[in-house]
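Below: one structure, written as structure tokens.
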Amino acid sequence: MPASPVRVAVTGAAGQIGYSLLFRIASGQLLGPDQPVILQLLEVTPALGALRGVVMELEDCAFPLLAGVTTSDDANVAFGDAEIALLVGARPRSKGMERKDLLEANGAIFTVQGKALSDNAAAGIRVLVVGNPANTNALIAQQSAPNIPAERFTAMTRLDQNRAKAQVAGKVGVPVTEVRDLAIWGNHSATQYPDLFHATVGGRPAMDVIGDRTWMEKEFIPTVQQRGAAIIEARGASSAASAASAAIDHVHDWVLGTGDGGWVSMAVPSDGSYGVPEGLISSFPVTCAGGQWSIVQGLEIDEFSRGRIDASAAELGEERAAVRELGLIG
Ligand SMILES: NC(=O)C1=CN([C@@H]2O[C@H](COP(=O)(O)OP(=O)(O)OC[C@H]3O[C@@H](n4cnc5c(N)ncnc54)[C@H](O)[C@@H]3O)[C@@H](O)[C@H]2O)C=CC1
Ligand SMILES: O=C([O-])CC(=O)C(=O)O
């Protein structure tokens with residue numbers, strides 16, 4: 001018997017990321033080739049016309065797994081009985097803006113959506129926040145959702161991980177599949193720390209294979225940290241297809257498990273692991289099984305990594321204080 005469809009809510013569905021994401025969800029890349037889905041799409045009222053066009057295109061793909069599509073400008077409707085929510089809708093950063101500038105502009109969206117999820121989503125709801133500043137938006141939504149377990153709110157740093165893997169693979173001339181256990185720590189921002197000290201390339205310590213600490217410090221880390229800005233500079237718009245791809249990877253692995261694929265990076269509520277203050281939604285290396293994530297424990301953190309992880313956690317702490325001051329969280 002075919003599985004019953006899973007309701008997947010997507011906000012900002014008529015936006016750039018939405019335009020890549022929806023087709024991949026509907027084709028089975030999010031939840032696997034045997035799992036039908038119903039897409040529940042949320043947009044602001046003025047974008048509903050454009051969203052109608054996207055829905056027409058979804059219909060025209062005749063995806064066998066797409067069991068239905070609904071659209072709404074009301075979060076209470078869009079999140080009804082949803083088991084997965086991808087919170088993409090937010091104002092993107094434009095040239096010269098830092099993510100902090102977006103806190104106020106986008107924060108208010110996530111109080112409303114957190115409450116709507118809490119009131120309307122299915123008991124098993126899992127939430128990925130993509131809209132920036134993603135970590136702190138996830139915190140705001142979580143704090144506005146008293147009926148949802150805190151650990152169901154996550155934010156996306158998988159794009160950073162994928163970018164970092166691609167940089168390493170390119171540097172040493174191996175396929176990306178050879179690069180494993182590459183963790184992103186902290187905030188999805190310019191303070192994030194892509195950590196090569198625990199990564200492996202072809203089963204060997206990545207730093208031994210790369211053999212160039214200066215490259216790691218002076219090229220690799222800044223390139224990954226600034227990749228979003230570099231794409232905005234080059235494209236005149238922020239990353240969209242790669243962000244959608246990373247969102248698929250994040251939810252796929254969370255729901256279906258990381259198996260023997262090694263660690264992945266997810267921003268999850270800190271339990272104080274590695275000295276990251278409890279409650280901050282910070283990126284860690286995690287593994288997933290049975291629909292649950294767990295932070296990889298017992299890693300040795302040297303002084304270099306310590307400083308980087310602390311700096312990004314400090315930025316997250318400042319963002320939390322700022323949204324508290326704005327009254328967006330208690
Ligand atoms: N975490 C990550 O790695 C990444 C995050 N992003 C972020 O993702 C977000 C979306 O990016 P794009 O799709 O390129 O932007 P976009 O501007 O093309 O689309 C955003 C859509 O969200 C909609 N929207 C705005 N407020 C909404 C609300 N309250 N409810 C529902 N929909 C709403 C807009 O109407 C628009 O259609 C931005 O915040 C961007 O910075 C982008 C790339 C990577
Ligand atoms: O940098 C931005 O504003 C968009 C983004 O989050 C990314 O590409 O990583």
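One-based numbering, in listed order, for ligands and for the atoms of each. Computed from a predicted structure; not experimentally measured.
- Of the protein's heavy atoms, Gly12 N, 3.3 Å lies nearest to atom 32 (N) of ligand 1.
- The proximity of Arg227 to ligand 2, defined as any non-hydrogen pair under 4.0 Å, does not occur for either the backbone or the side chain.
- Residue contacts with ligand 2 do not include Gln226, since none of its heavy atoms lies under 4.0 Å from the ligand.
- The nearest protein atom to atom 33 (C) of ligand 1, hydrogens excluded, is given as Val44 CG1, 3.7 Å; this is a heavy-atom distance.
- Checked options Val10, Ile17, Leu86; the residue passing with Val130 is Ile17 (criterion: side chain to side chain contact (heavy atoms under 4.5 Å, CB included)).
- When only non-hydrogen protein atoms are considered, atom 13 (O) of ligand 1 lies nearest to Ile17 N, 2.9 Å.
- For atom 10 (C) of ligand 1, the nearest non-hydrogen atom of the protein is Val88 O, 3.2 Å.
- Under the rule for a ring-ring contact (aromatic ring centres under 6.0 Å, His included), the partners of Tyr274 that lie at least two apart in sequence or sit in another chain are Trp185.
- The side chain of Gln113, and not its backbone, has at least one atom closer than 4.0 Å to an atom of ligand 1 (non-hydrogen atoms only; side chain from C-beta on).
- Residue Met156 touches ligand 1 through backbone and side chain together, judged by heavy-atom distances below 4.0 Å.
- Ranking protein heavy atoms by distance to atom 19 (O) of ligand 1, first place goes to Gly15 CA, 3.2 Å.
- Only the side chain of Ile232 comes within contact range of ligand 2, with a heavy atom under 4.0 Å; no backbone atom does.
- Residues satisfying the salt bridge (Lys or Arg N to Asp or Glu O under 4.0 Å) criterion with Asp212, sequence neighbours excluded, are Lys171.
- From the protein, the heavy atom lying nearest to atom 1 (N) of ligand 1 is Val130 O, 3.2 Å.
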